[in-house]
2 protein chains.
Amino acid sequence: MTHIKQYSVNDLLKRFQLNVTDSRKKILQLFLNQPEALAHADIENKAGEKIDRVTVYRTLQTFVDKGLIPSIPTADNSIRYALCKDDCSEGHHHDHHVHFVCEQCEKTACLDEVNVPEINLPSGFKKEKIEVVISGICKECS
Amino acid sequence: MTHIKQYSVNDLLKRFQLNVTDSRKKILQLFLNQPEALAHADIENKAGEKIDRVTVYRTLQTFVDKGLIPSIPTADNSIRYALCKDDCSEGHHHDHHVHFVCEQCEKTACLDEVNVPEINLPSGFKKEKIEVVISGICKECS
DNA sequence: GTAACTGCAAAATATTTGCATCCTT
DNA sequence: AAGGATGCAAATATTTTGCAGTTAC
């Protein structure tokens, strides 16, 4: 299993068939630096010099489309994004992810080390992707 | 296990300590009629005579706060709401729900009959609630 | 050089708030 | 009667779109 952080920002972008641009490098770097998931607003602010709001929207959309980062569903409307640690660059993410949302510090983390057990669906349903969102108290807050 | 649909709209509202009002009855009735989850816009339209947008926001918020309906996380920003079939009126929902989003018809259903297997978190994490969202093709579309 | 990406302005949507009025208990 | 709920108007916030200028390959 290859760890995604061993790649440079440039490599990663190329691997995902994206042109290498300043905004993309800055935004991707943010994800590499941060263990927790980022919401749109976080990205706009934290990225050193401010990146245009519209560019952030478009960049995130592109990243998600190309499979570089998954978007994490949350029950409270705020979409978050986070790199998962495993290398999924061959075009296929795992078909499931476990994310943890801390109710105290509000941080979201991708728990790559946790396995999602098999879930049996009623007949007729065909599953493609499983997202698991666990909320509770994280390691730092407990 | 008590099935939620055996209750009348009025009973349900009372059980959840909510005043019985027209808007609430109409909106709750929608959920009782529909197996699939509803997004905000659905509710505004489908409710017979249109309900004021603001009232819909406030009513949904109230329902979620009181535990009458859970909100379903989705990766694509659109929050959805759906009654789950089991009676959770004693103030405690199950700590997990399985929802299924069909990639074809876009409908979301709550799969009460599916069990979420135990998931072991790394030490230090304390779990409160598990949401599982499975996407794929539903029974009707396959 | 060409196609793709950015940034600004503006449009379109979505959500929240204040407040006067009406309804439930 | 009193507190809660509604509906309208308006304030905010969020997301999308168009387009001209710039950049990556």
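Note on naming: letters A, B, ... go to the chains in the order of the sequence lines (proteins, then strands), and numbering restarts at 1 for each one. What you see is a predicted model, and the numbers here were worked out from it, not measured in a lab. These numbers come from the heavy atoms of this one structure, side chains and all, not from hydrogens, waters or symmetry mates.
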### Message
I'd like to know if A:Val101 and A:Ile137 are part of one continuous hydrophobic network [Ile/Leu/Val/Met/Phe/Trp/Tyr, side-chain heavy atoms within less than 4.5 Å].
### Response
no
### Query
Out of curiosity, does A:Leu30 fall in the hydrophobic cluster containing A:Leu32 (side-chain heavy atoms, cut-off under 4.5 Å, transitive links)?
yes
#### Entry: Rounded distance in Å - CD (B:Gln61) to P (C:dT17)
11 Å
## Note on the structure
Interatomic distance, CG@B:Leu28 vs OG@B:Ser23, rounded to 0.5 Å, equals 12.0 Å
### Task
In whole angstrom, give the distance that lies between atom CZ of B:Arg53 and atom P of C:dT15.
9 Å
#### Entry: Centroid-centroid distance, A:Phe100 to B:Phe125, less than 6.0 Å
yes
### Query
Just by protein heavy atoms under 4.0 Å, how would nucleotides 5-12 of chain D read 5' to 3' in B, S and -?
SBBBB---
### Message
Nearest 0.5 angstrom please: B:Glu44 CD to B:Thr55 OG1, how far?
### Response
10.0 Å
#### Entry: Euclidean distance, atom NE2 of residue B:His40 to atom P of C:dA14 [Å, nearest integer]
9 Å
### Task
Round to the nearest Å and state the distance from A:Leu13 atom CG to D:dA24 atom C1'.
12 Å
### Task
Figure out the CD1/P separation between B:Ile43 and C:dA14, and round it to whole Å.
14 Å
### Distance, rounded to the nearest Å, where A:Lys26 contributes NZ and C:dC5 contributes P
16 Å
### Query
Between atom CG in B:Leu60 and atom C1' in C:dT15, what is the gap in whole Å?
13 Å
### Task
Output the distance between atom NZ (A:Lys26) and atom OG1 (A:Thr59), rounded to the nearest 0.5 Å.
10.5 Å
### Length of the CG-P vector between A:Asp65 and C:dA4, whole Å
15 Å
